[in-house]
Number of protein chains: 2
Amino acid sequence: MAQVLDKKTPRRAEVIRAAAKLFSERGYHGTSMQHLGDALGMQRGSLYAHIGSKEELLFEVVEEGAERFLERGLSAVQMPAPASIRLRNLLIGHIETAIEHLDAATVFLNEWRYLSEPMQEVVQAKRDLYEGFVRAIIEDGIEAGEFRAEADVRFAATLVLSAGNWTYAWYRPGGELGPTQIGEKFATLVLKGLEA
Amino acid sequence: MAQVLDKKTPRRAEVIRAAAKLFSERGYHGTSMQHLGDALGMQRGSLYAHIGSKEELLFEVVEEGAERFLERGLSAVQMPAPASIRLRNLLIGHIETAIEHLDAATVFLNEWRYLSEPMQEVVQAKRDLYEGFVRAIIEDGIEAGEFRAEADVRFAATLVLSAGNWTYAWYRPGGELGPTQIGEKFATLVLKGLEA
DNA sequence: CCTACCGATCGGTAGG
DNA sequence: CCTACCGATCGGTAGG
């Protein structure tokens, strides 16, 4: 019989970490419980001593990704600084998060849509919250006269998020630039534009 | 026995179109041949009169997406116009393509990594080619003094591609702005930046 | 955490 | 394009 699942145990954390890696590499539907068991050196069925279902595992990984982004985003919004500094800081934090937690971030951005309700709704709320952070900074910047008044807040926010969210698709460890420098480069481009 | 597969037949094109829709909605691994058969009103096994394998179907959809992007990209690069105009044109074309062929574009951008060799290599070459188009325009712009000399070509190209590639993730039909106007907005933002 | 098992479904094929 | 089938694998459970 199912006993109380360990919710905090180190072994459970290892299962979630291994799931993050596999889900990011092979996708949620492309990963079987057999793959996961193999990666952890245990039998497929034994995983259910630590988790309730495969989908619960996806939810945990997606939630972890969401929390990482929200933490950094919130601290950028709350900075007592001009909007351009806060936007730069948010984008740097976003890209650092995407790189430092590449597995969870990839799953958060790509596999969350395979969650069923009500889990998907929980995640959607966090995505909306984060997007709200970006918009708030841009609105502040326009009000303060720092940013161009003609800039469309929604599109500017989407551009910033696109730049950050696509990181997982092209970033490969071992490049010349670190996450912080990459974030700086993008932030400068978004703020100053390409034209001379 | 397997007879010669119809390579050009209208029915085969319908199968590919239905696959593009399902693969974009549920992912490649989340779509079964049973789903596809149901969508087309035929038995699972009957699909093999039109195609060789599920993976071949993925390849066809990904290739279609790649070709759509390449066509538009090439025509933007070859325009006899200043770099800023060509970059604007490429980004508009990219976003129009992403929206007008949302299914194939989504699969091209998200599911191509599930292709095995040598198919994945074929697709990678086309991705590199397209990225080369973007870089070429930006290099021209810097040489001509149109774009800021300090702009990093690789990062600027990645920003443009990120803006375009993330379209599938947020675009929903029925909004106020059409594809062309959305492309214009992003292009202006990338060229002029946010700062006043 | 393992063994042994459940029913369901997977992609694909033979033969018509 | 269908019927009937193949072996393999799926997520998950009982009982220890």
Side-chain angles (χ1 to χ4, degrees), chain A residues 1-23 25-62 107 111 113-117 119-120, chain B residues 1-23 25-62 107 111 113-117 119-120:
Chain A
M1 291 296 293
Q3 62 222 12
V4 174
L5 293 177
D6 48 346
K7 273 279 186 185
K8 290 277 153 81
T9 229
R11 196 61 173 145
R12 179 178 158 92
E14 283 172 36
V15 174
I16 294 171
R17 191 152 39 86
K21 180 154 185 276
L22 286 172
F23 290 170
E25 285 169 0
R26 324 176 50 117
Y28 175 64
H29 288 302
T31 302
S32 69
M33 297 308 277
Q34 181 71 56
H35 291 133
L36 188 54
D38 291 350
L40 288 158
M42 70 170 79
Q43 296 301 312
R44 190 164 94 252
S46 305
L47 293 164
Y48 292 87
H50 305 288
I51 58 151
S53 69
K54 188 186 177 190
E55 192 180 15
E56 181 196 302
L57 215 38
L58 175 59
F59 183 63
E60 295 271 10
V61 174
V62 168
V107 175
E111 308 295 319
R113 62 200 178 108
Y114 301 124
L115 286 170
S116 55
E117 298 296 357
M119 287 178 275
Q120 190 172 116
Chain B
M1 291 297 294
Q3 63 223 14
V4 174
L5 293 176
D6 48 346
K7 274 278 186 186
K8 291 277 154 80
T9 230
R11 195 62 174 145
R12 178 177 158 93
E14 283 173 37
V15 174
I16 294 171
R17 191 152 40 86
K21 180 153 184 277
L22 285 172
F23 290 169
E25 284 169 1
R26 323 176 50 118
Y28 175 63
H29 288 301
T31 303
S32 69
M33 298 306 278
Q34 180 71 252
H35 291 135
L36 188 55
D38 291 350
L40 288 158
M42 69 170 78
Q43 296 301 312
R44 189 165 93 254
S46 306
L47 293 164
Y48 292 87
H50 305 288
I51 57 152
S53 70
K54 189 187 177 190
E55 193 180 14
E56 180 195 304
L57 215 38
L58 175 59
F59 183 62
E60 294 271 11
V61 175
V62 168
V107 175
E111 309 294 320
R113 62 200 179 107
Y114 301 124
L115 286 170
S116 55
E117 299 295 355
M119 287 178 275
Q120 191 173 114

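Quick caveat: nothing in here was measured; it's all calculated off a predicted structure. Order of the sequence lines sets the chain letters (A, B, ...), proteins ahead of strands, with each chain counted from 1.
Aromatic ring orientation, Tyr114(B) versus His29(B): perpendicular (interplanar angle above 60°, classes split at 30° and 60°).
Between the side chain of Arg44(A) and the backbone N or O of Gly37(A), no donor-acceptor pair lies under 3.5 Å. Judged by distance alone, with hydrogens and angles left aside, the side-chain atoms of Gln120(A) form a donor-acceptor pair with the main-chain N or O of Leu115(A) at under 3.5 Å. Judged purely by atom type and a 3.5 angstrom limit, Glu56(B) uses its side chain to pair as donor or acceptor with the backbone of Gly52(B). Side-chain N or O atoms of Thr31(A) include one that pairs as donor or acceptor with a backbone N or O of Gly27(A) at under 3.5 Å. Although no hydrogens or angles enter the test, the distance criterion places a donor-acceptor pair under 3.5 Å between the side chain of Glu55(A) and the main chain of Ser116(A).
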Just the atom pairs and distances: protein N or O near nucleotides 5-7 of chain D's N or O, under 3.5 Å.
none

So Leu47(A) and Leu57(A), side chain to side chain contact (heavy atoms under 4.5 Å, CB included) or not? Walk me through it. CA-CA 10 Å; Leu47(A) 293 164; Leu57(A) 215 38; over 6 Å; no
side-chain hydrogen bond (donor to acceptor under 3.5 Å, both in side chains) between His35(A) and Arg26(A): does it pass, once the steps are laid out? CA-CA 10 Å; His35(A) 291 133; Arg26(A) 324 176 50 117; 3.2 Å; yes
Evaluate Val107(A) against Glu60(A) for side chain to side chain contact (heavy atoms under 4.5 Å, CB included), listing each step before the verdict. CA-CA 10 Å; Val107(A) 175; Glu60(A) 295 271 10; over 6 Å; no
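DNA chain C contains the following stems of three or more consecutive Watson-Crick or G-U pairs, with both distances under 3.5 Å: C:1-16 with D:1-16.
Here Arg17(A) pairs with nothing under the salt bridge (charged side-chain N to carboxylate O under 4.0 Å, His left out) rule; sequence neighbours left out. Qualifying salt bridge (charged side-chain N to carboxylate O under 4.0 Å, His left out) partners for Lys21(B), counting only residues two or more places apart in sequence or in other chains: Glu25(B).
Distance, Glu55(A) CD to dG11(D) P: 13 Å, rounded to whole Å. Computed from coordinates, the Tyr114(A) OH to dC10(D) C1' distance equals 18 Å when rounded to whole Å. The interatomic distance linking Lys54(B) (NZ) with dT9(D) (C1') rounds to 13 Å, in whole Å. Spacing between atom CD1 of Ile51(A) and atom C1' of dG12(D) amounts to 10 Å, rounded to whole angstrom units. Here dG11(C) presents its C1' atom at 13 Å from NE2 of His29(B), a figure rounded to the nearest Å. Spacing between atom CG of Leu47(B) and atom C1' of dG11(C) amounts to 11 Å, rounded to whole angstrom units. Spacing between atom NE2 of His50(B) and atom C1' of dC2(D) amounts to 12 Å, rounded to whole angstrom units.
Here the CG atom belonging to Leu58(A) is positioned 9.5 Å from the OG atom belonging to Ser53(A), to the nearest 0.5 angstrom.
Stacking of Lys54(A) on the aromatic ring of Tyr28(A) is recorded, both the 6.0 Å distance cut-off and the 45° axial limit being met.
The side chain of Tyr48(B) contributes an N or O atom lying less than 4.0 Å from OP1 or OP2 of dG12(C).
Remark: Met42(A), Gln43(A) in residues 32-43 of chain A come within less than 4.0 Å of DNA chain C through at least one heavy atom. Residues from residues 14-23 of chain B lying near DNA chain D, meaning a heavy-atom separation below 4.0 Å, are absent.
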